[in-house]
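So the structure is just underneath, and the comments pick up after that.
Just so you know, ligand 1 is whichever comes first in the structure, and atom 1 is the first atom listed for that ligand.
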Amino acid sequence: MTDPTSPTTPDVDVVCVGAGFSGLYAAYKAAEQGWTFAGFETAPDVGGTWHWNTYPGARCDVESIYYSYSFSEELQQEWTWSERFAPQAEILSYINHVADRFDLRRHFRFNSRVAAARWLPDEHLWEVTLDSGETRRGRYLLAGSGGLSTPKNFDVPGLENFTGLTVSTSRWNISLDDLAGKRVAVIGTGSSGVQCIPLIAEVAEHLTVFQRTPNYVLPARNAPLSADVVDEIKSNYPAIREECWYSPGGIPDRPATDRALDVSEEERRRRYEQAYERSGFLGVGAEFSDLLTDPKANETAAEFVREKIRQTVEDPKTAALLEPRFPLGAKRSCFGTGYYETFNRPNVSLVSLRDEPITTMTSDSIIIGSDSYAVDAIVLAIGFDAFTGPLFALNVTTPEAGTLQQAWADGVRTYLGIMTAGFPNFFMIAGPQSPALASNVVVTIEQAVDWIADLIAHAKAKGGDVIEPTTEAQEDWVKITEATVNQTLYATTDSWYRGSNVTGKPTTFLGYVGGVGRYRRMCAEIGRRGYPGVRIGGQAVAPTIGRIDREIA
Ligand code: NAP
């Protein structure tokens, strides 16, 4: 047990992992509070996910005007997005601009991976060890390491036999030209695969897409932002941000109040057409209130999208293979540009792995049963070890709880997706069981950093330098996240949302799906009541959060 009376002076107040959206805002916030800050980033520069995911076609599926910081009016006035969904390079330029504009780079050391972090209970400090062997001590440890930053292991059988070019979307290190004139395989048809497939098809001699589970690909309807639209956004930013903060998904999507099964088929179709035309359906719950809770209602929308697939893809057999069979939106839908049309090209073919997986590979071929596909290059778009992957990689340890892996052996347990019992002064920005998974993550990041900063300031004012959630409050939050997701169709479908994409990973749902607005009100109320469920300097305030959740409902 931590001794609440014997603090030692740390090297810095805050040690932070990562220089993406989370770490940069944490550095800004720490400077604002007058706290010393040391950030460590594996990459040679800022950007996080937008530094690494440079594959062709990479862009955000949240509109850029919303997928951006709200903390500075000057910043949002001076930065102009060129497209509705900005490409990776533009998002990275924006992040670089923020780092320069607020002089944040000086708080970080790049090319420095945090290899381990251990809590020193007698000194009330975290000691982090870098991959260089150097150590650094901070009072508070912030994980801004991202939810989708650790690539999944290359669990494709026989990959080690293949001697051609292999590249992963999440660590893209070639140019699109390197695939020109080649026989290319893309394995994986999630958001990353869906974005790069049309562009690879344009340069490859032949592209074979290896698809295990077809996903819903909705037309992104990306377009340049006109000067008028930009002006209107800039003159309304405060209201737009406010709407995002209190919305279900961190974008201005008001929850629908009527149900799909209560309106006529004609009305449903009209609404679905409208949503499809404006690239809707990503926040599927915004179209009708029952789409994410009632399988029959969902089927009406799912079938509408399948019909679009059949209308677009000329070969009926290929179209049938591309039709998803799980509820629309129950795992992250993809935003695509010309995705289904790509399968009409003569140089593109689709191989379904649904009934027969890849058997093995040879030096130049992918083998499935008795079939062999000769390829020169393999693009792996197989996803991430979401949320727990990046956190476990930090090798966070406390004498009381052991490692995070041990503490979460049966599944993730957190307090608001921000803290976890047994790990004092350890804060996860947009962590598992926060709304990060099903929201515009920048909204969740800013809110989490603000909340963490307020909590630390509150603790400092009380003279308590050790902050830790109680197990009781944590169990309340776990129950709330489970009860919330169990009312939805998210609970029914395997994906990275549930950890089921990684062999051996416990399948617990990795997010809170009650909406960013409700979560924000809940966190604010917890702050107002003196942080119930959090032990500060050994003292905890009752009641725990289950009651607050019921009160704000
Ligand atoms: P993903 O959604 O997990 O998709 C991975 C794909 O690879 C799936 O089709 C999966 O099939 C397949 N796969 C995995 N292992 C395989 C194996 N051993 N053999 C054959 N196929 C295999 O990963 P992602 O596409 O990188 O996207 C992850 C998340 O990142 C997205 O959901 C999104 O939140 C975010 N993202 C967003 C954007 C954007 O903003 N537009 C772009 C990229 C990523 P199964 O489904 O059968 O497992």
Side-chain angles (χ1 to χ4, degrees), residues 21 48-50 52-64 66-67 84-88 91 146-159 168-172 185-197 208-220 222 249 251 279 282 321-322 324-326 329-337 339 350-361 366 368 378-387 389 430 436-442 444 490 493-503 505 507 510-511:
F21 268 103
T49 200
W50 299 105
W52 296 107
N53 286 267
T54 60
Y55 60 85
R59 60 180 74 238
C60 190
D61 57 6
V62 176
E63 290 184 58
S64 301
Y66 313 130
Y67 190 86
R84 199 174 165 208
F85 299 100
Q88 170 270 334
I91 300 171
L148 294 163
S149 48
T150 299
K152 194 167 86 98
N153 283 340
F154 293 167
D155 55 358
V156 186
L159 187 63
S168 150
T169 47
S170 53
R171 293 291 181 273
W172 192 262
V186 173
I187 301 176
T189 52
S191 299
S192 306
V194 160
Q195 288 184 330
C196 67
I197 281 167
T208 311
V209 175
F210 291 84
Q211 169 194 268
R212 197 161 64 182
T213 310
N215 204 342
Y216 296 91
V217 182
L218 307 164
N222 189 29
I251 54 176
S279 76
L282 191 62
L321 290 175
L322 287 165
R325 290 292 157 199
F326 58 90
K331 66 178 183 183
R332 180 84 164 205
S333 295
C334 306
F335 264 18
T337 299
Y339 179 69
L350 178 68
V351 174
S352 173
L353 305 174
R354 188 155 40 185
D355 299 324
E356 192 160 19
I358 293 172
T359 315
T360 191
M361 293 188 196
I366 296 175
I368 300 175
I378 296 178
V379 174
L380 294 164
I382 58 174
F384 298 87
D385 183 356
F387 288 100
L437 166 148
S439 73
N440 168 6
V441 76
V442 184
T444 298
Y490 290 119
T493 305
D494 280 343
S495 75
W496 65 262
Y497 278 10
R498 303 176 67 229
S500 49
N501 64 329
V502 174
T503 311
K505 186 164 172 168
T507 42
L510 292 167

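Side-chain contact annotation: S168 with S170, donor-acceptor N/O pair under 3.5 Å present.
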* To do: Could you please spell out the steps behind the side chain to side chain contact (heavy atoms under 4.5 Å, CB included) verdict for Q88 and N53?
  => CA-CA 8 Å; Q88 170 270 334; N53 286 267; 5.6 Å; no
* To do: Please report the C-alpha distance between F85 and Y67 in whole Å, then the side-chain angles of each, then the deciding distance to 0.1 Å, and finally whether the ring-ring contact (aromatic ring centres under 6.0 Å, His included) criterion is met.
  => CA-CA 9 Å; F85 299 100; Y67 190 86; over 10 Å; no
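More than 12 heavy atoms of other residues, nucleotides or ligands sit less than 6.0 Å from atom CG of D155.
Not one N or O on the side chain of N215 forms a donor-acceptor pair closer than 3.5 Å with the backbone of S191.
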Could you give the N/O to N/O pairs under 3.5 Å linking ligand 1 and the protein, each with its distance?
residue: ligand 1; atom: 7 (O); partner: A381; partner atom: O; Å: 3.3
residue: ligand 1; atom: 9 (O); partner: T189; partner atom: N; Å: 3.0
residue: ligand 1; atom: 15 (N); partner: K152; partner atom: NZ; Å: 2.9
residue: ligand 1; atom: 15 (N); partner: R212; partner atom: NH2; Å: 3.4
residue: ligand 1; atom: 18 (N); partner: D155; partner atom: O; Å: 3.3
residue: ligand 1; atom: 18 (N); partner: D155; partner atom: OD1; Å: 3.0
residue: ligand 1; atom: 25 (O); partner: S191; partner atom: N; Å: 3.0
residue: ligand 1; atom: 25 (O); partner: S192; partner atom: N; Å: 2.9
residue: ligand 1; atom: 25 (O); partner: S192; partner atom: OG; Å: 3.4
residue: ligand 1; atom: 26 (O); partner: S192; partner atom: OG; Å: 2.7
residue: ligand 1; atom: 32 (O); partner: W496; partner atom: NE1; Å: 2.9
residue: ligand 1; atom: 40 (O); partner: R59; partner atom: O; Å: 3.3
residue: ligand 1; atom: 40 (O); partner: D61; partner atom: N; Å: 2.9
residue: ligand 1; atom: 40 (O); partner: D61; partner atom: OD1; Å: 3.1
residue: ligand 1; atom: 41 (N); partner: R59; partner atom: O; Å: 3.1
residue: ligand 1; atom: 41 (N); partner: Q195; partner atom: NE2; Å: 2.8
residue: ligand 1; atom: 46 (O); partner: T213; partner atom: OG1; Å: 3.4
residue: ligand 1; atom: 46 (O); partner: K331; partner atom: NZ; Å: 3.2
residue: ligand 1; atom: 47 (O); partner: R212; partner atom: NE; Å: 2.9
residue: ligand 1; atom: 47 (O); partner: T213; partner atom: OG1; Å: 2.5
residue: ligand 1; atom: 48 (O); partner: R212; partner atom: NH2; Å: 2.9

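Among V156, V351, I378, the single residue meeting the side-chain contact (heavy atoms from CB on, under 4.5 Å) criterion with F210 is V351.
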